[in-house]
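This report concerns only the one structure given below.
Residue indices begin at 1 and follow the sequence shown.
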Amino acid sequence: MKIHEYQAKELFRKYNVPVPDGKAAFSVEEAKESAANLGGFPVVVKAQIHAGGRGKGGGVKLASSMEEVETLAGQILGMTLVTHQTGPEGKLVKKLLIEAGQKIEKELYLSLLVDRATASIVIMASRDGGMDIEEVAANTPERIIKVYIDPLMGIQGYQLRQVGFGLEIPPAAMKQFSQLLSNLYKFFIANDCSMVEINPLILTSDDKVLALDAKVDFDSNALYRHKDLMGLRDLDEEDPLEVEASKFNLNYINLDGNVGNIVNGAGLAMATMDIIKNAGATPANFMDVGGGASSEQVENAFRIILDDDKVKALLVNIFGGILRCDIFARGVVDAARKTGIDIPVVVRMEGTNVDEGKKILDDAGLNLTSAVDLSDAARKIAAAVN
């Protein structure tokens, strides 16, 4: 689950991770009030969306007077901000962060990530802050520092110094930097984060270290332990179909293709998407209904996918285990009758009670195409959309 920069900075303050003074604003008047409370200029007017590259897209502006705050807030609020992370459709800006300007001496990059390959927390840092880290990794990989933390041991003093020396933190700021990184690690662990990124982390002219930006992702699988964090979720920033799917515990990700697919099991769903692509079509979604899906969940899966206007055909790929084929077939029949499916549907089923499942589909009198195996299913679904 992603949150906004202003929300991340509020959490940082609780863990004594230093950030500039600032406050969220949801209107031009609130932006002016927040700027007045900062007690001086310049101030920064920052669009709040779940995407990076806001500055390049025109969503971060510096104001040197109250008149400029009013003008810039009016321009940014309500704009559709397009960045390299939003896609060409962009995102509508509904919130701002009004923040005190800083005298920046140096911009750095700092992040913490879960590294599953080494079962550790990796600190990634670079002296090239303010840039896309992918760009740094591609062009100057030697400038990226990586320090691996054993989560059972926690972060150690020598690791704090290793990152600080790698970033060439001046002696006057080293103690504060070490405290910031130590507190950031505590925040990461305590809140089950999957990623925390500060880009840039800045050194000011008076040797202070501040998180000028803040990007935080929480592990959705751990949110049951953090009910307070659930209140930070902004549904306006998420795909409406994905939000709807989450209400029924369906694992759904909306994509750009035209072949919808319903599958039970994440691995099988990934393989199904690959086979659709190899057959010359493009998947419109990832959909895992889970091993123990009910007929109601199957029905809702159909409804959600059919609500996507891009979908021109639907491939159903079920391997019956915990989710028996007969239970799934009943869900398909109920969904077809209630949603009035008017696009080609190809069904491939194998596993527990497969004969009963096929009989239920045959007896329903629906316009469904059966497939012998997954390759056959992919060929038929590709033919339906090409």
Only pairs at least two apart or in different chains count here, so list each salt bridge (charged side-chain N to carboxylate O under 4.0 Å, His left out) that has a residue in [range].
range            : answer
residues 163-174 : K106-E168, R127-E168
residues 362-376 : K359-D363, D376-R379, D376-K380
residues 153-166 : none

Taken in chain and number order and not counting sequence neighbours, the residues that satisfy salt bridge (Lys or Arg N to Asp or Glu O under 4.0 Å) with D326 are R324, R330
According to salt bridge (Lys or Arg N to Asp or Glu O under 4.0 Å), who are the partners of K56, at least two apart in sequence or on a separate chain? D132
Between L212 and I76, is there a shared hydrophobic cluster once you connect ILVMFWY residues whose side-chain heavy atoms come closer than 4.5 Å? no
Hey, are the side chains of L314 and F302 touching, using non-hydrogen atoms and a 4.5 Å cut-off? yes
Quick one, I276 and L315 - any side-chain contact, counting heavy atoms below 4.5 Å? yes
Please tabulate, for side-chain N and O atoms in residues 79-90, each donor-acceptor pair with protein atoms closer than 3.5 Å (sequence neighbours left out).
from: T83; atom 1: OG1; to: G52; atom 2: O; distance (Å): 2.8
from: T83; atom 1: OG1; to: Q85; atom 2: N; distance (Å): 3.1
from: T83; atom 1: OG1; to: T86; atom 2: N; distance (Å): 3.4
from: Q85; atom 1: OE1; to: G52; atom 2: N; distance (Å): 2.8
from: Q85; atom 1: OE1; to: K215; atom 2: NZ; distance (Å): 3.2
from: T86; atom 1: OG1; to: T83; atom 2: N; distance (Å): 2.9
from: T86; atom 1: OG1; to: T83; atom 2: O; distance (Å): 3.1

Inter- and intrachain pairs under side-chain hydrogen bond (donor to acceptor under 3.5 Å, both in side chains), touching [range], at least two apart:
range            : value
residues 9-19    : E5-K9, K9-E99, Y15-N191
residues 298-308 : E244-R303, E299-K338, N300-R303, D308-K310
residues 18-40   : none
residues 149-159 : none

Let me check something: any side-chain donor-acceptor pairs from residues 234-243 under 3.5 Å, sequence neighbours excluded? List them with distances.
from: D234; atom 1: OD1; to: D236; atom 2: N; distance (Å): 3.0
from: D234; atom 1: OD2; to: H4; atom 2: NE2; distance (Å): 2.7
from: D234; atom 1: OD2; to: K95; atom 2: NZ; distance (Å): 2.8
from: D236; atom 1: OD2; to: K94; atom 2: NZ; distance (Å): 3.3
from: E237; atom 1: OE1; to: H50; atom 2: N; distance (Å): 2.9
from: E238; atom 1: OE1; to: R233; atom 2: NE; distance (Å): 3.4
from: E238; atom 1: OE1; to: R233; atom 2: NH2; distance (Å): 2.9
from: E238; atom 1: OE2; to: R233; atom 2: NE; distance (Å): 2.9
from: D239; atom 1: OD1; to: L241; atom 2: N; distance (Å): 2.8
from: D239; atom 1: OD1; to: E242; atom 2: N; distance (Å): 3.3
from: D239; atom 1: OD2; to: N254; atom 2: ND2; distance (Å): 3.0
from: E242; atom 1: OE2; to: N254; atom 2: N; distance (Å): 3.0

Surrounding CG of D256 (heavy atoms of other residues, nucleotides or ligands, distance under 6.0 Å), is the total greater than 12? no
Taking side chain to side chain donor-acceptor pair (under 3.5 Å) as the test, write out the residues that go with T204, two or more places apart. D206
